[in-house]
Amino acid sequence: MGFGDLKSAAGLRVLNDFLADKSYIEGYVPSQADIAVFEAIAAPPPADLYHALRWYNHIKSYEKQKASLPGVKKALGKYGPADVEDTTGAATDSKDDDDIDLFGSDDEEESEEAKKLREERLAQYESKKSKKPAVVAKSSILLDVKPWDDETDMAKLEECVRSIQADGLVWGSSKLVPVGYGIKKLQIQCVVEDDKVGTDMLEERITAFEDYVQSMDVAAFNKI
C-alpha cells in the first residue's frame with residue numbers, strides 16, 4: 001500500500017489517479033492523512049495532474065489550521081492504493097533535514113529553487129483555470145403585459161415591448177390571452193442574463209409606454 005515516491009513524477013501520477021474520484025486522502029473532510037501526504041511532496045504537482053493539483057491547493061489553504069485537523073498521522077505507506085508498493089521505508093512523521101516544508105516553517109526558509117518551482121506550478125494552474133469559459137447565469141421569464149382597455153392596439157403594444165433592447169436580453173414567443181370583458185393581455189417570453197437584466201428594469205422600461213401599458217407582472221421565472 002502507498003503512493004510510491006511522491007517526489008517523483010511516477011508517484012505524483014499515482015496520487016493523481018487516486019484522487020480522481022476522491023476529495024481527500026481519507027474520508028470526506030481534510031485530516032492529518034492529507035497533511036502527511038502533502039508534506040511528502042517536494043513541489044506542487046504539474047498542471048496536467050489536475051486532480052492532484054486541485055487537492056494540493058485545497059490542502060495548502062489549511063496551512064494555519066493543519067495542527068487542528070482531525071485524525072492521527074500515520075506512516076506515509078499506510079495511505080494510498082493497495083496495489084502500489086510502499087517505497088518510503090520506515091516512514092515517520094518527521095522529515096529529513098533536506099526535505100522542503102511546503103507549508104513554510106518559521107524556522108526554515110524555503111529554498112529559492114523550491115519557491116520558484118512552486119510559483120511556476122501555481123501560475124500554470126491559474127492560467128489553465130482562467131481559460132475555462134465562465135458560466136453565464138440566465139433566466140427564462142414569462143411576462144404578462146396588461147393594456148388599459150379593449151380598445152388598446154395590442155399589435156402596437158407588442159411592438160413597443162419588443163423595441164426594448166439591452167445587452168443580455170432576448171425576446172421570445174408571445175400570445176394574446178383573454179382576461180375578460182373583451183380585454184386581452186400580452187404574454188411574452190424572454191431570456192435574460194441575470195447579471196445584466198432584472199425584472200425591475202423590464203417593468204420600468206415596459207410601463208414607460210403608458211399610452212398602451214397599464215401594468216406588467218411576472219407570470220413565471222425559471223433559472224436556466
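Scope of the values below: all heavy atoms of this structure, side chains included, with no hydrogens, waters or symmetry mates.
Counted within 6.0 Å of CD on Q65, heavy atoms from surrounding residues, nucleotides or ligands total more than 12; the atom is thus considered enclosed.
Using modelled atom types, no side-chain atom of R13 and backbone atom of S8 make a donor-acceptor pair closer than 3.5 Å.
Residues Q32 and K66 fail the side-chain proximity criterion, which asks for heavy atoms closer than 4.5 Å. N16 places none of its side-chain heavy atoms less than 4.5 Å from the side chain of D48. For the pair E119/L122, no side-chain contact is recorded, criterion being any heavy-atom separation below 4.5 Å from C-beta on. Side-chain contact between Y56 and H51 is absent, with no heavy atoms from C-beta onward closer than 4.5 Å. Residues Q214 and D149 fail the side-chain proximity criterion, which asks for heavy atoms closer than 4.5 Å. With a 4.5 Å cut-off on side-chain heavy atoms, P46 and L53 do not count as touching.
Considering every non-hydrogen atom in both K73 and A36, the closest pair reads CG-CB, 4.1 Å. Summarising the geometry of L15 relative to V37, their closest heavy-atom pair is CD1-CG1, 4.2 Å, with the distance given to 0.1 Å. P70 and P30 get closest at one heavy-atom pair: CD-O, 3.4 Å. In terms of heavy atoms, D144 sits closest to A219 at OD2-CB, 3.7 Å. Between L19 and R54 the shortest heavy-atom distance is O-NH2, 3.1 Å.
In this structure, L49 CG and D17 CG are separated by 8.5 Å, a value rounded to the nearest 0.5 Å. Between atom OG of residue S139 and atom CD of residue E193 there is a gap of 10.5 Å, rounded to the nearest 0.5 Å. The structure places OG of S215 at 8.0 Å from CH2 of W148, a figure rounded to the nearest 0.5 Å. T152 OG1 to D211 CG: the interatomic distance, rounded to the nearest 0.5 Å, is 9.5 Å. Going from atom CG of D217 over to atom CD of Q187 covers 11.0 Å, rounded to the nearest 0.5 Å. Expressed to the nearest 0.5 Å, how far OH of Y24 lies from CD1 of I59 amounts to 6.0 Å.
Side-chain N/O atoms of S174 and Q189 include no donor and acceptor closer than 3.5 Å. Between W55 and D34, the side chains place a donor N or O and an acceptor N or O closer than 3.5 Å (distance only, hydrogens not considered).
Cluster note: M154 groups with I141, L143, V145, L157, V161, I164, L169, W171, L176, L186, I188, V192, V197, M201, L202, I206, F209, Y212, V213, M216, V218, F221 through ILVMFWY side-chain heavy atoms spaced under 4.5 Å, whether in direct contact or through intervening members.
In this structure, K22 satisfies the cation-pi test against F18, with its NZ or CZ atom closer than 6.0 Å to the six-membered ring centre and inside 45 degrees of the ring normal.
The side chain to side chain contact (heavy atoms under 4.5 Å, CB included) test applied to A33 returns I25, E26, S31, Y79, not counting sequence neighbours. A search for salt bridge (charged side-chain N to carboxylate O under 4.0 Å, His left out) contacts involving D153 returns nothing, not counting sequence neighbours.
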Q: For side-chain contact (heavy atoms from CB on, under 4.5 Å), just list the numbers for R121 and L117, CA-CA rounded to whole Å, side-chain angles, deciding distance to a tenth of an Å, and then say yes or no.
A: CA-CA 6 Å; R121 297 300 192 202; L117 182 58; 3.8 Å; yes
